[in-house]
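Heads up: numbering here begins at 1 and tracks the sequence.
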Amino acid sequence: MSEQTPRRRLHSSLTAFPDRYDLPSGSATAPAAARDSHRQTRFLLGADMELFERSMNQQLQIVADNAKNRTPQGVALLGLWSRTFSCLAEACALMDRGSYVGCAPLLRSACDCIAGQRGLLADEFAGYLEWLADAVVQDREHIALSIDIGRFRADALLADDQLLGPMYRLLTDLCLPHFGVTVLQVGPDSGPRRLALAFASNSFHLGWAELTLGWLLTLTAAQLQTAAGSGILAVKGGAAAELTRLVRDVEVAVGNPRRCRVEELDGRYLFLDFRRASGRPPRRVIL
């Protein structure tokens with residue numbers, strides 16, 4: 001067992017956060033396919049992108065209102081929330097340039113971090129406070145800062161969640177090297193006679209863009225609701241009213257029956273209105 005210095009009380013605080021969130025901008029030096037994906041995403045899904053930007057900035061507003069919350073509970077929530085925010089921002093940037101394959105791991109991680117916050121609230125932070133007592137110490141044997149990993153999962157909460165559960169199950173499968181998943185991600189134009197695979201493509205695909213942006217909107221709304229309902233973080237009057245409007249707008253946008261969506265079907269996934277471009281006939285794909 002390594003010798004450690006005597007533990008001192010650990011003080012918690014939020015030291016930095018962005019002033020605002022801006023949608024990813026197109027790069028003149030990006031590959032032509034990525035520039036085209038950016039252009040088509042903004043043209044076809046501009047309203048959804050603006051809604052996502054609103055929801056991300058609403059998150060930052062609530063964070064700013066709670067910047068002086070130094071309670072262990074508040075900082076615990078803000079830590080996981082920070083991870084959620086970064087995952088959503090990076091997934092949006094990848095989606096905007098047509099890199100849909102890279103979005104699933106980030107979105108899955110965001111699901112985990114939201115569920116982690118809900119798990120802390122359900123447990124009344126008992127496990128977190130126990131971990132915090134000896135979480136960060138100086139390890140003399142290795143001359144290193146020792147941070148206890150504090151393993152924590154909230155799988156049961158995700159499994160029972162009617163909104164996040166199906167999304168999490170699909171995203172998990174999309175993250176794994178399944179053969180069918182690879183075809184759908186790398187060769188979405190494949191058919192019974194040909195596997196048409198594209199290596200590291202940035203080509204725009206309306207189905208994947210609509211799905212990914214729908215997941216982004218759903219997760220940012222879930223994060224806002226988790227923070228607002230925590231009883232730990234303050235949500236002021238104006239922010240509360242805007243949050244209600246955002247959640248309603250997200251439900252309307254994601255519930256649009258003309259957008260690409262996925263339904264669970266006897267242990268499989270049915271992709272509806274899965275097509276590369278708006279002018280092409282809608283396809284159904286069962287994975």
Side-chain angles (χ1 to χ4, degrees), residues 10-23 51-94 103-129 131-132 135-136 147 149-158 161 163-165 167-168 171 215-236 238-247 250:
L10 206 61
H11 297 283
S12 303
S13 65
L14 180 65
T15 60
F17 56 91
D19 292 329
R20 65 168 286 106
Y21 169 81
D22 292 308
L23 290 173
L51 179 56
F52 178 71
E53 185 178 46
R54 275 177 57 202
S55 66
M56 293 289 275
N57 279 306
Q58 185 59 37
Q59 290 187 59
L60 292 178
Q61 179 59 59
I62 298 175
V63 170
D65 291 341
N66 288 273
K68 295 183 179 180
N69 188 325
R70 292 182 172 85
T71 65
Q73 294 86 345
V75 172
L77 292 178
L78 288 166
L80 287 172
W81 187 354
S82 174
R83 294 176 63 185
T84 302
F85 188 94
S86 294
C87 286
L88 296 177
E90 293 304 316
C92 183
L94 288 173
C103 296
L106 291 165
L107 295 171
R108 182 183 183 275
S109 182
C111 280
D112 272 320
C113 290
I114 292 172
Q117 294 167 65
R118 295 178 178 181
L120 289 174
L121 293 166
D123 187 49
E124 297 183 342
F125 297 86
Y128 177 81
L129 294 175
W131 165 84
L132 187 63
V136 183
I147 303 176
I149 197 167
R151 287 185 172 86
F152 180 65
R153 297 295 301 271
D155 297 31
L157 287 172
L158 279 171
D161 192 299
L163 186 64
L164 298 185
M167 183 193 308
Y168 185 76
L171 289 171
W215 292 331
L216 285 166
L217 290 171
T218 299
L219 288 170
T220 194
Q223 175 59 77
L224 283 166
Q225 290 174 309
T226 300
S230 68
I232 304 294
L233 301 173
V235 181
K236 298 180 180 179
E242 173 63 5
L243 189 152
T244 300
R245 287 192 293 269
L246 277 168
V247 171
V250 167

Cut-off 3.5 Å, side chains only: do N57 and E53 have a donor facing an acceptor?
-> no

Decide side-chain contact (heavy atoms from CB on, under 4.5 Å) for D65 and L233; before the verdict, give the C-alpha distance in whole Å, the side-chain angles of both, and the deciding distance to 0.1 Å.
-> CA-CA 9 Å; D65 291 341; L233 301 173; over 6 Å; no

Can you check side-chain contact (heavy atoms from CB on, under 4.5 Å) on F125 and I232, steps first, answer last?
-> CA-CA 11 Å; F125 297 86; I232 304 294; 4.2 Å; yes

Tell me, yes or no, whether the heavy-atom count around E90 atom CD, taken from other residues, nucleotides or ligands under 6.0 Å, exceeds 12.
-> no

Locate the shortest heavy-atom distance separating L78 from V63; write the atom from each residue and the value.
-> CD2-CG2, 4.2 Å

T220 vs Q59, side chain to side chain donor-acceptor pair (under 3.5 Å): CA-CA, chis, key distance, verdict = CA-CA 8 Å; T220 194; Q59 290 187 59; 2.5 Å; yes

Between C111 and L171, the two heavy atoms sitting closest are SG-CD1, 4.2 Å

Minimum heavy-atom distance A91-L106, with the two atoms named = N-CD1, 3.6 Å

Could you give me the CA-CA distance, side-chain angles and deciding distance for S230 and L77, then say whether side-chain contact (heavy atoms from CB on, under 4.5 Å) is met?
-> CA-CA 9 Å; S230 68; L77 292 178; 3.8 Å; yes

Could you pull out the closest heavy-atom pair between F152 and G119, with the gap in Å?
-> CZ-C, 3.8 Å

Might you work through the side-chain contact (heavy atoms from CB on, under 4.5 Å) test for N69 and V75, ending with a clear yes or no?
-> CA-CA 7 Å; N69 188 325; V75 172; 5.5 Å; no

Over 12 foreign heavy atoms within 6.0 Å of CZ, R20 = yes

Does a sphere of radius 6.0 Å around CG in D22 hold more than 12 heavy atoms from other residues, nucleotides or ligands, not counting ones at 6.0 Å or beyond?
-> yes

How close do C92 and L23 get, heavy atom to heavy atom, and via which atoms?
-> SG-CD2, 4.4 Å

Atom CG in L121, atom OG1 in T226: separation rounded to 0.5 Å?
-> 8.0 Å

Rounded to the nearest 0.5 Å, the CG atom of L129 sits from the CD atom of E124 at a distance of 10.5 Å

Could you tell me whether a side-chain N or O of S86 sits under 3.5 Å from a main-chain N or O of S82, the two making a donor and an acceptor?
-> yes

CG/L243 to CZ/R54 distance, rounded to the nearest 0.5 angstrom?
-> 10.5 Å

Would you call the rings of Y128 and W131 parallel, tilted or perpendicular, where under 30° means parallel and over 60° means perpendicular?
-> tilted

Starting at CZ of F52, measure out to CG of L219 and round the result to the nearest 0.5 Å.
-> 9.0 Å

When rounded to the nearest 0.5 Å, the distance separating CG of L60 from CZ of F85 is 4.0 Å

Return yes if some donor-acceptor pair links the side-chain N/O of N66 with the main-chain N/O of I62 below 3.5 Å, else return no.
-> yes

Heavy atoms of A110 and T84 approach each other most closely as O-OG1, 4.0 Å

So how far is it from L80 CG to Q223 CD, rounded to the nearest 0.5 Å?
-> 9.0 Å

